[in-house]
Q: 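Could you have a look at this structure, given as structure tokens, before my questions?
Please read these numbers as outputs of a predicted model, since none were measured by experiment.
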Amino acid sequence: MIKEYKTIREIASPLMVVEHVEGVTYDELGEIELPNGELRRCKVLEVEGDKAVVQLFESAQGINLAESKVRFLGHPQQLAVSEDMLGRVFNGMGQPIDGGPAILADAHMDINGLPMNPAARAYPAEFIQTGVSTIDGLNTLVRGQKLPIFSGSGLPHAALAAQIARQAKVLGDNETFAVVFAAIGITFEESEYFINDFRRTGAIDRTVVFSNLANDPAVERIATPRMALTAAEYLAFEKDMHVLVILTDITNYAEALREISAAKKEVPGRRGYPGYMYTDLATMYERAGRRIGHKGSITMIPILTMPEDDKTHPIPDLTGYITEGQIILSRELHRKGIVPPVNVLPSLSRLKDKGIGVGKTREDHAGTMNQLFAAYSRGKDAKELMTILGEAALSEDDKLFAKFAEEFEKVYVSQGNNTNRSIEETLNIGWELLSILPKRELKRIKPEFIEKYLPKK
């Protein structure tokens, strides 16, 4: 039997203290009933003796301390899951907001999930095609990987996120693929952009969308990515699907974490963020992966805007420690009109070698990837030299490398937000660009592949 308490002692929004409670546990869900019968939700943040500190999901406005009742529900926050979630749009608390009916649940799952036992993890090894050349060709995404996109304020990460969600697929027959898209603390316009884009292209049919807006409570912002990951775990490990989880924007999540930490009067860490932010982010990121004995997988692309474009800021810094690489967007390329403005040289996928080659992409993938990186790097250096000393100071080879770097950005990197390239197209474009260079400079590719794939002039 659920007990009711009329012992609210204090409210300092978004926190509330309830006294004389029994058997209440950390993270337990509660309901506050106002005198007019209205219900508001809360969760337990701290229990000390017979006092519980709870956090309100909605506003504290109108709560009468003497007349309002609190009851604790005996379980943490849960999400109703079923395959019917595909094609639906939910708010940050897992309630449908697309005008459709409530979900007929197969199960109710704790949104905090359980950490995956490292011994039960299968090593990421299969290729996921995003249709974006800079990712597929140079920073390959592998099933079960966590590959964040580091962006900056005003850069078009939203368009890139929508493009990946639309285009991503696993190669091979009988592979069911789904996308779980969580928008965290974004504006109404951004939310509408994503939802309309998915509907326009038909991608909504295989997508579960969670949308938390900037004017929603901070505590909902904390729940949204966990809701998304719970839905992903159900689809991957109960329904054997390959699931891509896209979370945007992790910076808004971390700001909400800081706001709640300050309300709890916790000792702040670096730049005011709580000292446990690393652990908190890890509890989300580490839910991605593959499990031995399960066909499904969860691959994660968290997107975060780096405050002041600073890679050493705590949010990108800690994210970089936990994940396997990063895709970095460049303001300079954005100014040049290159779409998507992926900065190839500092971007990195630590698992790219595991997802390419014969039977996965193509035999020449590793060699062309290394050659493109090397040639672009040398071409950028040649262009800098040209700026300082003038074109006359460059050797003939340097001029070719400078031309290569220019064409590489225009053709390979800048593919627009509506072009979906297969891995074969990406590799062939790479070979076309390498044909600009003298054959003797292609030192990172096996001679038999040069003979087979290099276009004959």
Side-chain angles (χ1 to χ4, degrees), residues 132-140 149-157 159-160 306 308-312 316 325-349 352 364-417 419 421 425-447 449-451 453-457:
V132 179
S133 290
T134 45
I135 297 176
D136 293 350
L138 302 172
N139 294 292
T140 312
I149 294 174
F150 288 3
S151 181
S153 177
L155 294 181
H157 50 269
L160 180 58
M306 300 179 286
E308 299 160 21
D309 292 2
D310 178 12
K311 276 187 289 201
T312 66
Q326 68 279 331
I327 304 294
I328 296 180
L329 301 191
S330 157
R331 208 169 282 285
E332 183 193 341
L333 293 178
H334 180 53
R335 286 195 196 104
K336 282 188 188 175
I338 286 169
V339 180
V342 175
N343 194 353
V344 167
L345 295 178
S347 295
L348 166 72
S349 167
K352 63 187 173 189
D364 58 316
H365 192 157
T368 52
M369 175 175 72
N370 294 337
Q371 191 64 66
L372 287 168
F373 265 120
Y376 182 50
S377 177
R378 186 168 161 189
K380 293 257 290 181
D381 289 345
K383 282 173 72 179
E384 277 181 35
L385 206 60
M386 197 192 298
T387 309
I388 300 162
L389 301 176
E391 196 172 334
L394 298 187
S395 69
E396 288 308 310
D397 280 1
D398 283 342
K399 285 176 189 168
L400 288 173
F401 275 102
K403 182 187 173 193
F404 169 86
E406 199 70 43
E407 290 300 310
F408 179 79
E409 286 177 2
K410 271 193 226 157
V411 178
Y412 195 95
V413 181
S414 188
Q415 67 177 76
N417 286 129
T419 308
R421 290 178 181 165
E425 282 177 80
T426 289
L427 291 169
N428 293 341
I429 290 166
W431 278 109
E432 288 285 342
L433 290 165
L434 290 173
S435 69
I436 294 170
L437 304 174
K439 204 189 266 193
R440 68 176 184 281
E441 290 291 345
L442 305 182
K443 297 167 186 167
R444 287 171 166 77
I445 308 176
K446 291 180 178 175
F449 296 156
I450 295 175
E451 202 55 44
Y453 294 106
L454 189 69
K456 305 286 187 282
K457 288 190 177 176

Q: Just by modelled atom types, is the Pro341 backbone N or O under 3.5 Å from a matching donor or acceptor in the Lys336 side chain?
A: no
Q: If you measure from CG on Asp136 to CG on Leu427, what distance do you get to the nearest 0.5 Å?
A: 9.0 Å
Q: Mind telling me whether Tyr376 and Phe408 have parallel, tilted or perpendicular rings, with 30° and 60° as the class edges?
A: tilted
Q: Apply side chain to side chain contact (heavy atoms under 4.5 Å, CB included) to Leu138 and Tyr412, showing your working.
A: CA-CA 11 Å; Leu138 302 172; Tyr412 195 95; 3.7 Å; yes
Q: For the residue pair Leu333 and Val342, what are the closest heavy atoms and their distance?
A: CD1-O, 3.2 Å
Q: Is the shortest distance from a Lys or Arg side-chain nitrogen in Arg378 or Asp398 to a carboxylate oxygen in the other one below 4.0 Å?
A: yes
Q: Got a second to check how far Asp364's CG is from Lys446's NZ, nearest 0.5 Å?
A: 11.0 Å
Q: Between Arg444 and Asn370, what is the shortest heavy-atom contact and its length?
A: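 Nearest pair, atom of Arg444 first, then Asn370: CD-O, 3.6 Å.
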Q: What are the two closest non-hydrogen atoms of Ile445 and Gly367, and how far apart are they?
A: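 What the structure gives for the nearest pair is CG1-O, 3.5 Å.
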Q: Given side chain to side chain contact (heavy atoms under 4.5 Å, CB included), test Trp431 with Ile450 step by step and report yes or no.
A: CA-CA 9 Å; Trp431 278 109; Ile450 295 175; 4.3 Å; yes
Q: Once you round to the nearest 0.5 Å, how far does CG of Leu329 lie from CG of Asn343?
A: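 Answer for the CG-CG pair, Leu329 versus Asn343, is 9.0 Å.
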Q: Where the side chain of Ser377 meets the backbone of Ala374, is there a donor-acceptor pair that is under 3.5 Å apart?
A: no
Q: With a sphere of 6.0 Å drawn around NZ of Lys383, does it hold more than 12 non-hydrogen atoms of other residues, nucleotides or ligands?
A: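 It does: Lys383 NZ has more than 12 such atoms within range.
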Q: Would you check if Ile149 and Gln326 make a side-chain contact, meaning some heavy-atom pair closer than 4.5 Å?
A: no
Q: Looking at Arg335 and Glu332, is any side-chain nitrogen of the basic one under 4.0 Å from a carboxylate oxygen of the acidic one?
A: no
Q: At their closest point, which heavy atom of Val413 faces which heavy atom of Val344, and how far apart are they?
A: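 For Val413 and Val344, the tightest heavy-atom pair comes out as CG2-CG2, 4.1 Å.
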Q: So that I can tick it off, tell me whether Arg440 and Asp397 are bridged by a salt bridge, with the cut-off set at under 4.0 angstrom between side-chain N and carboxylate O.
A: yes
Q: Between Arg331 (side chain) and Gly154 (backbone), is there a donor-acceptor pair under 3.5 Å?
A: no
Q: Indicate yes or no: does Glu396 engage Lys399 in a salt bridge with an N to O separation below 4.0 Å.
A: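 Judged by the 4.0 Å cut-off on N to carboxylate O distance, Glu396 and Lys399 do form a salt bridge.
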Q: For Thr140 and Lys352, which heavy atoms make the closest approach, and how far apart are they?
A: N-CB, 3.7 Å
Q: Say you draw a straight line from CD1 of Ile135 to CD1 of Ile327; how long is it, rounded to the nearest 0.5 Å?
A: 5.0 Å
Q: How close do Ala375 and Phe404 get, counting heavy atoms only, and between which atoms?
A: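 Scanning both residues, the minimum pair turns out to be CB-CE2, 3.5 Å.
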Q: Working to the nearest 0.5 Å, report the span between CD of Glu407 and OG of Ser414.
A: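 If we round to the nearest 0.5 Å, Glu407:CD and Ser414:OG are 11.5 Å apart.
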Q: Scan side-chain atoms only and decide if Arg421 and Ser133 contain a donor-acceptor pair under the 3.5 Å cut-off.
A: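 The criterion, which ignores hydrogens and geometry beyond distance, is satisfied for Ser133 and Arg421.
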Q: Return yes if some donor-acceptor pair links the side-chain N/O of His365 with the main-chain N/O of Gly137 below 3.5 Å, else return no.
A: yes
Q: When you measure from the side chain of Ser347 to the backbone of Ile328, do you find a donor-acceptor pair of N or O atoms at a distance under 3.5 Å?
A: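 Between the backbone of Ile328 and the side chain of Ser347 there is a qualifying donor-acceptor contact (under 3.5 Å).
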Q: What distance separates Glu441 CD from Phe401 CZ, expressed to the nearest 0.5 Å?
A: 4.0 Å
